[in-house]
Amino acid sequence: MKNMTSAELRQAFLEYFQSQGHQIVDSSSLIPANDPTLMFTNAGMVQFKDVFLGDDKRSYNRATTSQRCVRAGGKHNDLENVGYTARHHTFFEMLGNFSFGDYFKRDAIRFAWTFLTEVLELPKEKLWITVHISDDEAEKIWKEEIGVDPQRFSKLDEDNFWSMGDTGPCGPSTEIFFDHGEEIWGGPPGSPEEDGDRYIEIWNLVFMQFNRDASGTMDPLPNPSIDTGMGLERIAAVLQGVHSNYEIDLFQNLLKAAAKAVGSAETDNKSLRVIADHIRSCSFLICDGVIPSNEGAGYVLRRIIRRAVRYGNKLGATGPFFNQLVAALAQEMGQAYPELIEKQAQVERILLKEEEQFAKTLDHGLRLLEDAISGLKGTEIPGETVFKLYDTYGFPVDLTADVAREQELSVDMAGFEKAMEDQRNRARAAGKFNVDYNDSIRLDSETAFSGYEQLSGDAKVVALFSNGEAVEQLNAGDTGMVVLDETPFYGESGGQVGDTGVLTATGIEFQVNDCTKESKNHLHHGILNSGSIKVGDLLQPQVDAGKRQATAVNHSATHILHEALRIVLGEHVQQKGSLCDADRLRFDFSHFEAVKPEELKQIEQICNEQIRQNSEVRTDIMDIEAAKATGAAALFGEKYDETVRVLTMGEGFSVELCGGTHASRTGDIALLKIASEGGIAAGVRRIEAVTGAKALEYVEQSAKQLEDKLQDQIAKSRQLEKELEQMKAKLAAAKGADLLSNAIEVKGVKVLAEQLEGIEPKALRDTIDQLKNKLGSGIVVLATVADGKVSLAAGVTKDLTGQVKAGDLVRELTAKLGGKGGGRPDFAQGGGTDAAALPAVLEDVKSLVEQNL
């Protein structure tokens with residue numbers, strides 16, 4: 001038996017099957033492409049599901065992979081077992097070989113046996129084989145052709161039958177077990193002791209040979225196929241002579257790094273195993289674009305992170321530690337998966353932020369628990385309360401139990417477990433492959449898309465649908481779907497909306513309101529305005545050219561925007577969704593905070609600089625591997641054919657895989673204006689923008705709105721100024737009124753001469769008028785100083801203007817202040833620059849008045 005490292009084993013497996021005519025296919029994303037039935041990729045066959053269903057054709061009919069898998073949510077969830085068993089993981093690698101209608105049972109069995117016994121040199125007497133009770137063919141191959149010992153052979157029922165879902169492809173399987181020896185407790189498969197650890201399943205070969213319909217009837221498939229899976233960690237444990245997966249080389253350095261990070265002196269610890277397992281699933285999920293959140297895959301990621309942090313805290317970690325393990329993982333697995341190295345800083349940043357947030361959650365959870373205890377009736381904390389704290393707030397169950405003990409309370413663990421089981425059942429139901437394989441629209445032909453080159457043409461009707469049912473004819477007034485053998489209509493995909501337009505012939509007009517894609521067919525949705533359409537009719541499709549051009553321009557703009565975001569915000573930015581129609585574009589992307597106004601300005605400037613360069617928008621068609629070699633950006637979770645379209649803008653400014661329609665040159669976009677930016681989920685931001693004529697309209701509307709706002713502000717400012725003057729006048733009058741008692745009599749005439757502080761010169765007149773009214777008969781002189789300049793005014797009641805004139809009084813006074821002034825007999829004003837002389841000048845008022853009386 002060979003002793004191999006995990007990396008050597010992975011490579012040996014792939015090279016062996018490559019030598020047997022298999023195409024080595026890269027691991028797909030952990031987020032399944034276009035598959036709403038699965039939360040995570042949980043087996044090697046997931047990326048080939050459409051191939052097995054017959055909806056996808058590949059250039060090869062044999063494949064081999066080392067597929068990254070996560071089982072922590074949905075139908076397959078091993079999360080709670082991790083750390084407590086020798087072989088359960090949230091993340092693992094599945095080695096597999098696949099046949100799509102090529103070889104079947106005989107070759108699949110021979111390949112597996114040869115690899116195990118000749119390449120890996122496992123002892124034949126250590127292997128145990130199982131088959132389905134109905135599979136006499138597989139039994140005969142194993143016993144008569146391979147020569148397996150009948151004493152090491154079992155025929156089982158449901159454990160050896162696999163199905164893709166409630167309906168669709170299914171078939172029996174054969175499993176290969178490794179016998180760890182008599183010193184380990186446990187019995188062979190099918191025995192009462194089969195749950196022991198002596199016999200461990202290492203490889204499962206599925207023979208997909210039937211199609212099961214909704215009634216349960218199974219008919220033979222025309223092209224039987226093979227799907228196999230062998231856990232890399234399990235077979236590595238066998239080869240390295242250890243009983244636990246955590247003892248293999250792949251985990252040893254991670255366990256040491258985890259122990260160092262939390263300050264633990266031991267490395268063989270259940271809590272450390274949890275941490276070492278969880279750093280793998282968390283890091284790879286983040287690399288594949290998952291961000292911690294409160295729903296879906298992001299929620300599962302958050303639970304895994306928090307579970308790891310909780311176990312670190314149990315070991316004594318006093319601060320963030322989990323993010324420190326990314327470097328060790330990148331060193332261990334970075335050669336096989338370079339994205340771990342490329343995105344190490346990003347993964348560390350996200351994990352650190354989540355750790356810090358969870359620290360606050362713990363504090364919040366404690367307060368919530370204290371509130372629950374204070375309102376408790378009895379001495380037992382209800383299971384539902386414990387579950388809510390755990391599931392909603394991430395508050396550890398064991399911490400709840402610790403608090404309960406301190407308060408001399410108990411915990412309803414039975415109620416908690418029931419709530420947990422109810423949640424698991426809901427997750428299983430949500431994760432079931434519940435799409436009826438036989439109910440989807442399935443046609444032998446495929447719609448040829450001609451819309452890259454033309455917007456009209458001739459086509460034949462190959463299928464008609466109304467109310468979800470296939471029909472032979474549509475009549476005037478009917479709504480339905482038309483399938484053509486060829487179409488220029490773009491079917492909605494990649495964020496670009498479907499085309500609209502018409503399908504016509506003599507006396508016939510079918511108004512196309514939308515176009516979608518299912519399998520390889522374009523479905524033209526709409527209403528038949530006139531005539532009738534039958535299967536086999538010839539029609540002339542015509543796309544609405546204006547809408548197509550506007551939509552294509554917006555689609556091209558999203559590519560430029562994507563790259564501008566990466567330049568300004570960082571390479572961690574990944575597209576999380578988009579929508580391009582004739583009016584606008586919407587672009588969702590991963591980022592951890594609001595985009596600052598200055599960053600948005602820079603992003604917009606970069607986009608418009610690329611637009612002004614008016615460079616060619618070039619499309620190259622190449623195979624997927626060549627496209628990846630160019631550095632073309634691909635979307636995580638998106639499924640691509642073997643031949644892809646590579647879209648390039650500028651001198652390599654933006655290079656992406658894209659099957660959409662686009663502008664001819666970047667200058668066709670004319671102008672891009674960002675209309676809004678905001679968050680739509682944890683770690684996901686959204687930008688909405690407009691281009692071309694819509695952008696000009698937006699600029700004009702914005703200018704008009706700005707002008708209106710400016711006029712409003714000016715009006716408000718003027719009103720405030722007016723109100724301020726009125727208030728100052730009232731203040732001045734109030735101050736003046738307080739001085740009435742300071743008035744003196746000169747030859748029987750009341751005279752008031754004072755300096756006022758903190759009032760505007762404009763307020764002097766109103767203040768003098770009010771004082772004159774209150775005096776009834778008299779002379780008032782008031783002055784104020786502002787910025788070193790003196791403002792002075794005088795008022796004389798009308799009964800005295802024949803004797804004392806205000807204008808003469810002001811001229812004489814301001815002359816002494818180094819200034820001048822004048823006015824009417826009843827009111828005059830002026831000023832000067834000699835503020836120091838003002839007190840003496842006001843003292844002179846008495847003598848000047850006396851001289852004139």
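FYI, the numbering just counts along the sequence from 1. Everything quoted here is computed from the prediction, not taken from an experiment.
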Hey, are the side chains of [X] and [Y] touching, using non-hydrogen atoms and a 4.5 Å cut-off?
| X | Y | answer |
| --- | --- | --- |
| S134 | K155 | no |
| Y199 | E194 | no |
| L301 | I286 | yes |
| M333 | E93 | yes |
| I202 | E175 | no |
| I275 | F322 | yes |
| S264 | N269 | no |
| N253 | L329 | no |

If you measure from [atom1] on [X] to [atom2] on [Y], what distance do you get to the nearest 0.5 Å?
| X | Y | atom1 | atom2 | answer |
| --- | --- | --- | --- | --- |
| R198 | H180 | CZ | NE2 | 11.0 Å |
| T90 | I279 | OG1 | CD1 | 10.5 Å |
| F153 | I129 | CZ | CD1 | 7.5 Å |
| R10 | T65 | CZ | OG1 | 12.0 Å |
| T41 | R68 | OG1 | CZ | 8.0 Å |
| F98 | M208 | CZ | CE | 8.5 Å |

Any chance you could lay out the side-chain hydrogen bond (donor to acceptor under 3.5 Å, both in side chains) test for D249 and T5, step after step, and finish with the verdict?
-> CA-CA 7 Å; D249 63 307; T5 65; 4.6 Å; no

Pairs of donor and acceptor atoms involving the side chains of residues 106-121, under 3.5 Å and at least two apart or interchain, shall be tabulated with distances.
{"unit_1": "R106", "atom_1": "NE", "unit_2": "E145", "atom_2": "OE1", "d": "2.9"}
{"unit_1": "R106", "atom_1": "NE", "unit_2": "E145", "atom_2": "OE2", "d": "3.1"}
{"unit_1": "R106", "atom_1": "NH2", "unit_2": "E145", "atom_2": "OE2", "d": "2.8"}
{"unit_1": "D107", "atom_1": "OD1", "unit_2": "R110", "atom_2": "NH2", "d": "3.0"}
{"unit_1": "T114", "atom_1": "OG1", "unit_2": "R110", "atom_2": "O", "d": "2.8"}
{"unit_1": "T117", "atom_1": "OG1", "unit_2": "W113", "atom_2": "O", "d": "2.6"}

Trace of the salt bridge (charged side-chain N to carboxylate O under 4.0 Å, His left out) decision for K517 with E446 | CA-CA 11 Å; K517 288 197 293 190; E446 298 177 2; over 6 Å; no

Any chance you could lay out the side-chain contact (heavy atoms from CB on, under 4.5 Å) test for I226 and F207, step after step, and finish with the verdict?
-> CA-CA 5 Å; I226 293 294; F207 308 131; 3.3 Å; yes

Does the pair D179 and R152 meet the rule for a salt bridge (charged side-chain N to carboxylate O under 4.0 Å, His left out), with working shown?
-> CA-CA 10 Å; D179 180 1; R152 305 187 68 79; 3.2 Å; yes

Atom of [X], atom of [Y] and distance for their closest heavy-atom approach:
| X | Y | answer |
| --- | --- | --- |
| I248 | Q240 | CA-OE1, 3.2 Å |
| V300 | A72 | CG1-O, 3.2 Å |
| L221 | P169 | CD1-CB, 4.2 Å |
| Y60 | R58 | OH-NH1, 2.7 Å |
| E247 | Q252 | CA-NE2, 3.3 Å |
| L156 | P189 | CD1-CB, 4.1 Å |

Could you walk me through whether Q47 and Q67 pass the side-chain hydrogen bond (donor to acceptor under 3.5 Å, both in side chains) check?
-> CA-CA 9 Å; Q47 68 167 307; Q67 174 64 50; 3.3 Å; yes

Residue pair M94, L232: steps toward the side-chain contact (heavy atoms from CB on, under 4.5 Å) verdict = CA-CA 6 Å; M94 183 76 85; L232 172 66; over 6 Å; no

Full working for side-chain contact (heavy atoms from CB on, under 4.5 Å) between I31 and V290 | CA-CA 8 Å; I31 307 303; V290 182; 3.4 Å; yes

For the backbone of [Y] and the side chain of [X], can you confirm whether one donor and one acceptor N or O come within less than 3.5 Å of each other?
| X | Y | result |
| --- | --- | --- |
| N223 | G101 | no |
| N160 | S173 | yes |
| T130 | I176 | no |

Is D50 salt-bridged to K57, going by a charged N under 4.0 Å from an acidic O?
-> no

Check ion pair K140-D136 (N to O, under 4.0 angstrom) |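 No salt bridge links K140 with D136.
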
Non-neighbouring partners of F251 that pass ring pair (Phe, Tyr, Trp, His ring centres under 6.0 Å), sequence neighbours left out | H89, Y246

Who pairs with F284 by ring pair (Phe, Tyr, Trp, His ring centres under 6.0 Å), at least two apart in sequence or on another chain?
->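 Per chain and number, F284 pairs via ring pair (Phe, Tyr, Trp, His ring centres under 6.0 Å) with F91, Y337.
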
Salt bridge (Lys or Arg N to Asp or Glu O under 4.0 Å) pairs, two or more places apart, involving residues 182-193 | none

So which pairs with a foot in residues 95-105 pass salt bridge (Lys or Arg N to Asp or Glu O under 4.0 Å), sequence neighbours left out?
-> R62-D102, K105-D135, K105-E137

Please test I184 against H243 for side-chain contact (heavy atoms from CB on, under 4.5 Å), starting from the C-alpha separation and ending with a verdict.
-> CA-CA 10 Å; I184 305 296; H243 186 59; 4.1 Å; yes

Given the rule in the side-chain hydrogen bond (donor to acceptor under 3.5 Å, both in side chains) test, do R212 and S163 qualify, once you have shown the distances and angles that lead to the verdict?
-> CA-CA 9 Å; R212 180 163 52 196; S163 60; 3.1 Å; yes

Measure centre to centre between the rings of F100 and F52, then say whether the value is under 6.0 Å.
-> yes

Checking salt bridge (charged side-chain N to carboxylate O under 4.0 Å, His left out) for the pair K388/E384: CA distance, chi angles, key distance, verdict?
-> CA-CA 6 Å; K388 182 178 181 181; E384 283 291 340; over 6 Å; no

Among side-chain atoms of D288 and S29, is any donor-acceptor pair under 3.5 angstrom?
->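 The criterion, which ignores hydrogens and geometry beyond distance, is satisfied for S29 and D288.
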
Summary of side chain to side chain donor-acceptor pair (under 3.5 Å) pairs that have at least one residue in residues 15-26, sequence neighbours excluded = Q11-E15, H22-Y103

